[in-house]
Asker: 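Just dropping this structure here.
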Amino acid sequence: MGPIRDQHHFQLPKKKPNFYARVYEIVEQIPIGKVTTYGAIAEVLGMKGSSRMVGQALGALPEGSDVPAQRVINRIGALSGAHHFGGYDRMRTMLRREGVTFKGELVDMEEHFWDPKLISDTP
DNA sequence: ACACTGACCTCCT
DNA sequence: AAGGAGGCCAGTG
């Protein structure tokens, strides 16, 4: 179904780029137990190098959104957005509940990284 | 309209 | 190897 659902009554950008919405569409497809990175999302949107924009889009999400933003982390596996989930421990707990494992403070990227480029290839 | 802000990433010391 | 500077560009005030 439509990736962005009606419950998202917060304001999306009404102009053309629709950048936020495209970010959310990708994030919604990250499988449970997997994570991806800001950079990987930016790249698949054709905006390689604009990873900060992805973070900005996620930051605009209301709390309690069903967009699984906790599955987006930085390149090395650090929970750089932890502040938006009530701190590092809270975010780590959310991910652990989904089956994500850690190596110290960092997500085990070898095990859990999911590349959003896979979307295009698989129906 | 301008200036500044980011849940980042890559290059350059 | 570790840390800093700069780039990215859509929102916001």
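Letters A, B, ... mirror the listed sequences (proteins, then strands); counts begin at 1.
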Asker: If you only use heavy atoms from C-beta on, which nucleotide in B:dA7, B:dT10, C:dA10 is closest to the side chain of A:His84?
Answerer: B:dA7
Asker: Between C:dG3 and B:dA7, how many Å separate the two P atoms, rounded to a whole number?
Answerer: 22 Å
Asker: State, yes or no, whether a side-chain contact exists between A:Lys34 and A:Phe113 at a heavy-atom distance under 4.5 Å.
Answerer: no
Asker: Specify the separation, in whole Å, of atom CD of A:Gln70 and atom C1' of B:dA7.
Answerer: 13 Å
Asker: Rounded to whole angstrom units, what separation is found between the CG atom of A:Asn74 and the C1' atom of B:dC8?
Answerer: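 In whole Å, B:dC8 C1' lies 8 Å from A:Asn74 CG.
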Asker: What contact category does A:Ala82 fall into here, base, sugar-phosphate, or nothing, at under 4.0 angstrom with non-hydrogen atoms?
Answerer: nothing
Asker: With sequence neighbours excluded, tell me which residues meet salt bridge (charged side-chain N to carboxylate O under 4.0 Å, His left out) with A:Asp89.
Answerer: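 Result, salt bridge (charged side-chain N to carboxylate O under 4.0 Å, His left out) vs A:Asp89: A:Arg92.
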Asker: Side chain of A:Thr37 only, heavy atoms from C-beta on: which candidate in B:dC9, B:dT5, B:dA7 is closest?
Answerer: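 Of the options given, the side chain of A:Thr37 lies nearest B:dC9.
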Asker: Please determine if A:Lys117 and A:Glu43 form a salt bridge, counting it only when a charged side-chain N lies under 4.0 Å from a carboxylate O.
Answerer: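 Salt bridge present between A:Lys117 and A:Glu43.
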Asker: Starting at atom OH of A:Tyr38, determine the distance to atom P of B:dT10, rounded to an integer number of angstrom.
Answerer: 14 Å
Asker: Reckon A:His83 touches a base, only the sugar-phosphate, or nothing at all at heavy-atom distances under 4.0 Å?
Answerer: nothing
Asker: Can you figure out which of C:dC8, C:dC9, B:dC9 approaches the side chain of A:Arg52 most closely?
Answerer: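 Given the options C:dC8, C:dC9, B:dC9, the side chain of A:Arg52 is closest to C:dC8.
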Asker: Would you indicate what A:Gly39 reaches in the nucleic acid, counting non-hydrogen atoms under 4.0 angstrom: base, sugar-phosphate, or nothing?
Answerer: sugar-phosphate
Asker: What is the distance, to the nearest angstrom, from the OH atom on A:Tyr20 to the P atom on B:dA7?
Answerer: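 Value for this atom pair: 10 Å.
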Asker: Would you kindly give the CE-to-C1' distance between A:Met53 and B:dC8, to the nearest whole Å?
Answerer: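 These atoms are roughly 10 Å apart.
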Asker: Would you say the side chain of A:Leu61 lies within less than 4.5 Å of the side chain of A:Tyr20, judging by non-hydrogen atoms?
Answerer: no
Asker: Measure distances between side-chain N and O atoms of A:Ser51 and base N and O atoms of B:dC9, and say whether any donor-acceptor pair falls under 3.5 Å.
Answerer: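 Checked by distance alone, the answer is no.
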Asker: Are the side chains of A:Met53 and A:Tyr38 in touch, meaning some heavy atoms are under 4.5 Å apart?
Answerer: no
Asker: Rounded to the nearest Å, what distance is computed from the CG atom of residue A:Leu106 to the C1' atom of nucleotide B:dA7?
Answerer: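 Going from A:Leu106 (CG) to B:dA7 (C1'), I get 16 Å.
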Asker: Measure from the side-chain heavy atoms of A:Phe85 and tell me the nearest of B:dC8, B:dA7, C:dA10.
Answerer: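 Nearest nucleotide to the side chain: B:dA7.
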Asker: Could you state the atom-to-atom distance from CG of A:Leu58 to P of B:dC8 in whole Å?
Answerer: 10 Å
Asker: To the nearest angstrom, how far is A:Arg22 atom CZ from C:dC9 atom P?
Answerer: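 For the pair A:Arg22 CZ and C:dC9 P, the rounded distance is 13 Å.
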